[in-house]
Amino acid sequence: MRVLRQIHAHVLTRLLPISALSFVLSKIAAFCSLSPLGDISYARRVFSRIPYQNIFCWNAMIRGCSQVDNPSKESIFLFKKLNERGCPGLNSFTLAFVLKACSIVSALEEGRQVHSRVFRSGFGSSPFVQTALVNMYAKCEEVWLAQLVFDEITERNLIAWSTMIGGYSRAGLVDETFELFRGMQMAGVEPDQVTMVSVVSACTFAGSLDMGRWVHAYMEKQMIDIDLELGTALVNMYAKCGCIKKAKAIFDNLSVKDAKAWSSMIVGLAIHGLYEEALKHFAMMEADKVIPDHLTFIGILSACGHSGLVSEGRRFWSHMIESGIKPSTEHYVCMIDLLCRAGLVVEACTLVKNMTISPNPVIWRTILVGCKKNGMLAKGELIAEWLLELEPLNAENYTLLSSFYASVSQWEKMSLVRMKMKEKRIKLIPACSSIEIYGFVHEFKMGDWSHPETNEMREVIGDISVRIRETGYKSSITEVLHRVVDEEKENALGEHSERLAVAYGLWKTKAPAVIRVVNNLRICGDCHEVMKIVSKIYEREIIVRDRFRFHKFVNGSCTCKDYW
DNA sequence: GGAACGATCC
């Protein structure tokens with residue numbers, strides 16, 4: 001920039017013809033807005049003083065004013081200004097750049113307007129504009145519109161396929177992601193690292209280790225190099241799919257590791273209950289001179305919270321603030337959770353009071369869970385009131401509140417919550433567990449006997465209940481109630497979806513195969529106990545991924561040490 | 001001078 005400023009000054013002292021001056025200034029503006037070494041505010045100043053602003057510098061400004069690391073609507077305003085001037089010289093670059101800007105700030109309405117401009121402009125057949133449109137709709141969470149545009153593309157190149165696959169993957173539409181990935185292969189277009197990142201992420205979302213392994217093997221066969229981004233996606237996939245060893249192996253093999261890669265590894269270790277390892281990795285990261293960012297701290301704080309490391313948590317909190325990272329809601333959630341789990345609910349509430357940003361529903365839910373664990377009825381009720389005011393239609397809140405009342409034996413209040421739900425026509429999220437057997441995903445809902453092998457499964461379930469009762473186990477009734485709407489289901493506990501899935505796994509596979517179950521909700525306390533016993537009496541390793549983390553049951557105990 | 005990718009709390 002220093003050299004550029006000198007050139008700029010030099011240019012201004014010369015009496016250049018207007019056209020030459022415009023040309024030089026537009027080059028300077030373009031450099032300032034586009035180069036990583038540039039300076040966007042300098043670009044703005046230069047741009048505003050160009051006598052003849054050609055389309056080249058307009059494009060550069062539109063592109064430079066909204067970057068992924070600096071989202072802003074300025075590019076869209078610039079485009080509007082250009083529109084007011086009748087768009088002299090508008091080209092496919094302009095349209096692609098402004099669409100990219102719309103995708104960065106999720107500006108659907110403006111994006112649609114640009115889309116109609118594309119129609120009129122005659123640049124609709126530019127592959128750059130088409131892909132930018134697909135990307136814009138996908139980033140605005142309108143994947144179906146993105147698909148419509150994608151369908152219209154006659155010659156789909158690698159980028160177009162990748163964009164669409166990425167759109168589905170980000171939306172968590174796993175089947176669609178894979179269908180498109182197959183379509184791409186059928187069309188004879190070779191996927192690259194960027195494509196594979198999206199496909200790997202879809203496996204992470206599905207929690208499907210078999211799928212992930214298949215994709216990894218495919219990459220090896222196709223000799224697709226594992227770069228930093230793809231490596232991070234793989235580390236994340238293996239960790240979230242329950243194979244922390246493999247995640248670690250891939251992580252260790254990365255030649256360059258940035259904050260994202262380290263964070264991914266740290267969070268992975270933490271959700272597997274390997275807290276010491278997580279903390280060790282944090283220290284290794286700092287020793288490696290990689291600066292932890294706000295997400296790394298979320299990972300390490302939650303690791304401390306889940307393992308009851310209160311003083312370490314406080315230390316990391318101060319460390320974070322000293323590093324100049326302003327705590328976000330997520331950081332507060334980790335810290336509040338950490339304090340609540342340690343029984344320090346009052347201190348957690350003080351922290352909420354002193355928050356500089358307004359607390360969101362997650363904060364209130366965390367405190368409410370804390371009140372539940374510590375039997376604080378009055379405080380919990382107060383929190384619940386705020387929570388329901390803030391989010392009156394979220395089923396999760398009602399489930400939590402009703403389990404809260406159940407835990408303090410307030411049955412009448414609990415049924416009032418149920419009634420309120422019925423009034424507001426709020427439906428519970430049905431508990432659902434899945435297990436993968438020989439590449440097939442079997443899904444079970446609570447009390448669901450629709451599986452074709454249901455009779456055989458009943459026998460296994462029966463066998464489990466007999467054998468665990470022999471060990472002296474008794475089920476806890478409060479756990480039944482908060483998941484069941486109709487209390488008439490007395491045996492509902494034995495039919496929790498995770499138990500059905502585990503029973504199926506026990507029956508279909510033999511030791512030493514690990515039974516891996518994915519839950520959409522948090523595992524209940526009673527099932528947690530049962531899994532421990534089953535792992536011992538059946539001598540099987542069981543890994544359950546619930547909404548938040550992993551539980552690995554081996555020989556009667558769980559890696560979470562019952563602290564979750 | 002262009003379009004696609006990785007880590008986020010309860």
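To find a chain, count down the sequence lines: A is the first, B the second, and so on, and within it residues start at 1.
- Ion pair A/Arg522/A/Glu498 not flagged as a salt bridge, since none of the NZ, NE, NH1 or NH2 atoms sits closer than 4.0 Å to an Asp/Glu carboxylate oxygen.
- Comparing B/dC10, B/dG6, B/dC9 by their closest approach to the side chain of A/Glu330 singles out B/dC9.
- No hydrogens or angles were tested; on distance alone, a donor-acceptor pair under 3.5 Å links the side chain of A/Ser263 to the base of B/dA7.
- Within 4.0 Å of A/Lys240, counting heavy atoms only, lie sugar-phosphate atoms of the nucleic acid but no base atom.
- When the C1' atom of B/dC10 is taken as reference, atom CZ of A/Arg549 falls 13 Å away, rounded to whole Å.
- Smallest separation of non-hydrogen atoms from A/Val417 and A/Ser402: CG1-CB, 4.1 Å.
- Note: CZ (A/Arg547) to P (B/dT8) measures 14 Å, nearest angstrom.
- At whole-Å resolution of the value, CG in A/Asp293 and C1' in B/dC9 are 15 Å apart.
- A salt bridge links A/Arg44 and A/Glu74; the closest N-O separation between the charged side-chain nitrogens and carboxylate oxygens is under 4.0 Å.
- A/Arg170 comes within contact range of the sugar-phosphate backbone alone, with a heavy-atom separation under 4.0 Å but no base atom that close.
- One can place CZ of A/Phe205 at 16 Å from C1' of B/dA7, the figure rounded to the nearest angstrom.
- Separating the NZ atom of A/Lys372 from the P atom of B/dC10 is a distance of 15 Å, rounded to the nearest angstrom.
- For an aromatic pair to be called close, the ring centres must be under 6.0 Å apart, and A/Phe181 with A/Tyr218 satisfies this.
- The residues A/Arg315 and A/Glu312 are annotated as not salt-bridged, no charged nitrogen and carboxylate oxygen being separated by less than 4.0 angstrom.
- Here CG of A/Leu274 is found 10.0 Å from NE2 of A/His281. Values are rounded to the nearest 0.5 Å.
- In the interface, the side chain of A/Asp258 is not paired with the base of B/dA7 through any donor and acceptor atom under 3.5 Å apart.
- Comment: A/Arg117 does not engage A/Glu110 in a salt bridge, judged by the lack of any side-chain N to carboxylate O separation of less than 4.0 angstrom.
- OP1 and OP2 of B/dG1 both lie 4.0 Å or more from every side-chain N or O belonging to A/Lys100.
- Looking at the side chain of A/Ile159, the nearest of the listed nucleotides B/dG6, B/dA4, B/dG2 is B/dA4.
- Among the nucleotides B/dG1, B/dA7, B/dA3, the one closest to any side-chain atom of A/Asn59 is B/dG1.
- Comparing B/dT8, B/dG6, B/dG2 by their nearest atom to the side chain of A/Leu295 picks out B/dT8.
- For A/Ser162 against B/dA4, a side-chain-to-base donor-acceptor contact under 3.5 Å is present.
- Among the atoms of the strands shown, none is found under 4.0 Å from any heavy atom of A/Ser169.
- Considering only side-chain atoms of A/Cys334, the nucleotide from B/dG1, B/dC9, B/dC10 that sits closest is B/dC9.
- Of the candidates B/dA4, B/dG6, B/dC9, B/dA4 carries the atom nearest the A/Lys139 side chain, counting heavy atoms from C-beta on.
- Atom CG of A/Asp227 and atom P of B/dA7 are 13 Å apart (whole Å).
- DNA chain B is contacted by A/Pro127, A/Phe128 of residues 123-130 of chain A, taking any non-hydrogen atom closer than 4.0 Å.
- Using bins of under 30°, 30° to 60° and over 60° for the plane-to-plane angle, the ring pair A/His331/A/Trp317 lands in the perpendicular bin.
- Comparing B/dC10, B/dA3, B/dG6 against the side chain of A/Thr131 picks out B/dA3 as the nearest.
- By the criterion of a centre-to-centre distance under 5.5 Å and near-parallel planes under 30°, the ring of A/Trp161 forms no stack with the base of B/dA4.
- With hydrogens and angles left out, the side chain of A/Ser201 and the base of B/dG6 share no donor-acceptor pair within 3.5 Å.
- Across B/dC10, B/dG2, B/dA4, the shortest atom-to-atom separation from the side chain of A/Ala96 is found for B/dG2.
- A/Asn135 comes within 4.0 angstrom of sugar-phosphate atoms only, judged by non-hydrogen atoms across all strands, and of no base.
- In this structure, the CD1 atom of A/Ile357 is 16 Å from the P atom of B/dC9, given to the nearest Å.
- A/Val369 comes within 4.0 angstrom of no nucleic acid atom, judged by non-hydrogen atoms across all strands.
- If you check every strand for non-hydrogen atoms under 4.0 Å, A/Lys27 touches nothing.
- At the heavy-atom level, A/Ile266 lies nowhere under 4.0 Å from the strands shown.
- Of all heavy-atom pairs between A/Leu230 and A/Asp225, the closest is CD2-O, 3.6 Å.
- Between B/dA7 and A/His294, no contact under 4.0 Å exists linking OP1 or OP2 to a side-chain N or O.
- Following rounding to the nearest Å, A/Tyr168 (OH) and B/dC5 (C1') show an atom-to-atom distance of 18 Å.
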